[in-house]
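Below is one structure, written out as structure tokens, with a few remarks after it.
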Amino acid sequence: MLLEGKKAIITGGTRGIGYAIACRFIEEGAAVTVFGSRQETADTAVEKLTAAYPDAKVWGRSCDLTSLEAVTEAFTQTAADMGGLDTVVNNAGISQRSPLLDYTAEEFAKVMDLNVVAVFNGHQAAAKIMTEAGHGGTITTTSSMVAKYGQPSGVGYPTSKFAVNGMVQSLSRELAPMGIRVNAVAPGFVETEMLDHIPQEQREGYLKSVPMGRFAKPEEVGDAVCTLCDPTLSYLTGQTLILDGGLSL
Ligand code: NAD
């Protein structure tokens, strides 16, 4: 198993892509703590995961990911509960599709807070714990294909994912001497609640643009994140793995 004995935190691990990552991590032998926006949703996810994987070591937690202090405290407590921390996946994220002239400052700040500030917080809290433990680790963030092309409306979301890619490239260099590998996965369209607000007609148009002729399943993103965290890929860092069914070729 790829992640046997590893201890992992997955933010936004209660549904969608994050939940699928949690499933794949458990299947590969990791102990997992899923972070949700509310303790109630984290508890429900733990119940589901425990029912699906009775032998799994799973915890659920919630904290304000946009607060560095709260994230540092929650990650430190989680590492104590799990007996260490080897892997963090910064996956929680939101999108906002307003056109520029309707976009409010509050909406823009909300996207930046979760998609960028929380990702910074996750990197710092994880790096602190991993560096003190002295054994390195992996930090992986869910970026998006929009960080390659932008998108025609909702400028905050692509802006946040370009920032994520920049953070990953920079921190991979800063944290490499500590044995911490920093990467991102950049999915195209993935069948989750995030796509629910896209009108059917527009979805069909998007579908036609994907050479594979379908959207990704969340499990396929889970597989990609597992691969990026595979300890045998010990020289791989600073990469954003594009996973878009051939869209960007
Ligand atoms: P989703 O809406 O199904 O899940 C989002 C997750 O983030 C949930 O677990 C939710 O609890 C968490 N979250 C939302 N707001 C939060 C907050 N304020 N505090 C803490 N947690 C919060 O979406 P998803 O599609 O699973 O998205 C996961 C990641 O994948 C996001 O970073 C998203 O940008 C990225 N992504 C999604 C797609 C797609 O097509 N679905 C494509 C590319 C990238």
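Please read these numbers as outputs of a predicted model, since none were measured by experiment. Note: hydrogens, waters and symmetry copies are ignored here, and every other heavy atom, side chains too, is used. Counting starts at 1 for both ligands and their atoms, in listed order.
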Problem set entry | Any residue meeting side chain to side chain donor-acceptor pair (under 3.5 Å) with E204, in chain and number order, not counting sequence neighbours | Q200
For this session: Pick, from P218, G13, A92, A118, the option with the minimum heavy-atom distance to atom 7 (O) of ligand 1.
Result: A92
Exercise. What's the shortest distance from atom 44 (C) of ligand 1 to any protein heavy atom, and which residue and atom give it?
Worked result: S143 O, 3.1 Å
For this session: Decide if atom OH of Y235 counts as having more than 12 heavy atoms of other residues, nucleotides or ligands within a radius under 6.0 Å.
Result: no
Exercise. For atom 18 (N) of ligand 1, which candidate among T41, L114, N115 holds the nearest heavy atom?
Worked result: L114
Seminar exercise, completed: Heavy atoms of A92 and T11 approach each other most closely as N-OG1, 3.0 Å
Exercise. Among protein heavy atoms, which lies nearest atom 27 (O) of ligand 1, and at what distance?
Worked result: M194 CE, 3.9 Å
Exercise. Which residue and non-hydrogen atom of the protein lie closest to atom 31 (C) of ligand 1, and at what distance in Å?
Worked result: N91 O, 3.2 Å
For this session: Output the list of atoms in ligand 1 that are nearer than 4.0 Å to some heavy atom of F189, sorted by atom number.
Result: 40 (O)
For this session: Taking the six-membered ring for Trp and the full ring for Phe, Tyr or His, determine whether the centres of F35 and F75 are under 6.0 Å apart.
Result: yes
Exercise. What do you reckon, is CE of M178 surrounded by more than 12 foreign heavy atoms closer than 6.0 Å?
Worked result: yes
Exercise. Is there a donor-acceptor contact under 3.5 Å from the side chain of N91 to the main chain of T142?
Worked result: no
Exercise. Among protein heavy atoms, which sits nearest to atom 1 (P) of ligand 1, and what does the distance come to when rounded to 0.1 Å?
Worked result: R15 NE, 3.4 Å
Exercise. Side chain, backbone, both or neither: which part of T192 has a heavy atom under 4.0 Å from ligand 1?
Worked result: side chain
Exercise. Where's the contact between A186 and ligand 1, heavy-atom distance under 4.0 Å: side chain, backbone, both or neither?
Worked result: neither
Seminar exercise, completed: Between W59 and A31, the two heavy atoms sitting closest are CZ3-CB, 4.0 Å
Exercise. Taking only heavy atoms of L195, which atoms of ligand 1 are found under 4.0 Å from at least one of them?
Worked result: 40 (O)
Exercise. In the protein, what heavy atom is nearest to atom 43 (C) of ligand 1, and what distance, to one decimal place, separates them?
Worked result: P187 O, 3.4 Å
Exercise. Should the proximity of Y19 to ligand 1, defined as any heavy atom under 4.0 Å, be assigned to the side chain, the backbone, both, or neither?
Worked result: neither
Exercise. Between D244, V190, D113, I21, which one has a non-hydrogen atom sitting closest to atom 39 (C) of ligand 1?
Worked result: V190
Problem set entry | G18, any N or O under 3.5 Å of ligand 1 N or O | no
Problem set entry | Evaluation steps, side-chain hydrogen bond (donor to acceptor under 3.5 Å, both in side chains), between S67 and E69 | CA-CA 5 Å; S67 156; E69 200 185 352; 5.1 Å; no
Problem set entry | Expected output: side-chain E28 to main-chain L2 donor-acceptor under 3.5 Å | yes
For this session: For Y157, take its heavy atoms, then give the atoms of ligand 1 lying under 4.0 Å from any of them.
Result: 33 (C), 34 (O), 35 (C), 36 (N), 43 (C), 44 (C)
Exercise. Can you find an N or O of G12 that's nearer than 3.5 Å to an N or O of ligand 1?
Worked result: yes
Problem set entry | Heavy-atom closest contact (A118 atom, L114 atom, distance) | CB-O, 3.2 Å
For this session: Within a distance under 4.0 Å of any heavy atom of T14, pick out the atoms of ligand 1 and give their elements.
Result: 9 (O), 11 (O)
For this session: Give the residue and atom name of whichever protein heavy atom lies nearest to atom 35 (C) of ligand 1, and the separation in Å to one decimal.
Result: T142 CG2, 3.6 Å
Problem set entry | Modelled atom types, side-chain donor and acceptor of D113 and T66, under 3.5 Å | no
Exercise. Does at least one non-hydrogen atom of K161 fall below 4.0 angstrom from an atom of ligand 1?
Worked result: yes
Exercise. Which one of S62, G93, C63, G16 has a non-hydrogen atom at the shortest distance from atom 5 (C) of ligand 1?
Worked result: G93
Seminar exercise, completed: Closest to atom 26 (O) of ligand 1 among protein heavy atoms sits I17 N, 2.8 Å
Exercise. Who's the nearest protein heavy-atom neighbour of atom 22 (C) of ligand 1, and how far?
Worked result: S37 CB, 3.8 Å
For this session: Take atom CZ of R203 as the centre, draw a 6.0 Å sphere, and report whether it contains more than 12 heavy atoms from other residues, nucleotides or ligands.
Result: yes
Exercise. Could you walk me through whether D43 and Q39 pass the side-chain hydrogen bond (donor to acceptor under 3.5 Å, both in side chains) check?
Worked result: CA-CA 6 Å; D43 291 343; Q39 188 60 45; 2.9 Å; yes
Problem set entry | Proximal candidate to atom 38 (C) of ligand 1 [heavy atom criterion; set G188, A45, S144] | G188
For this session: Check the hydrophobic clustering (I, L, V, M, F, W, Y; side-chain heavy atoms under 4.5 Å; chains of links allowed) and say if F162 and Y157 are grouped together.
Result: no
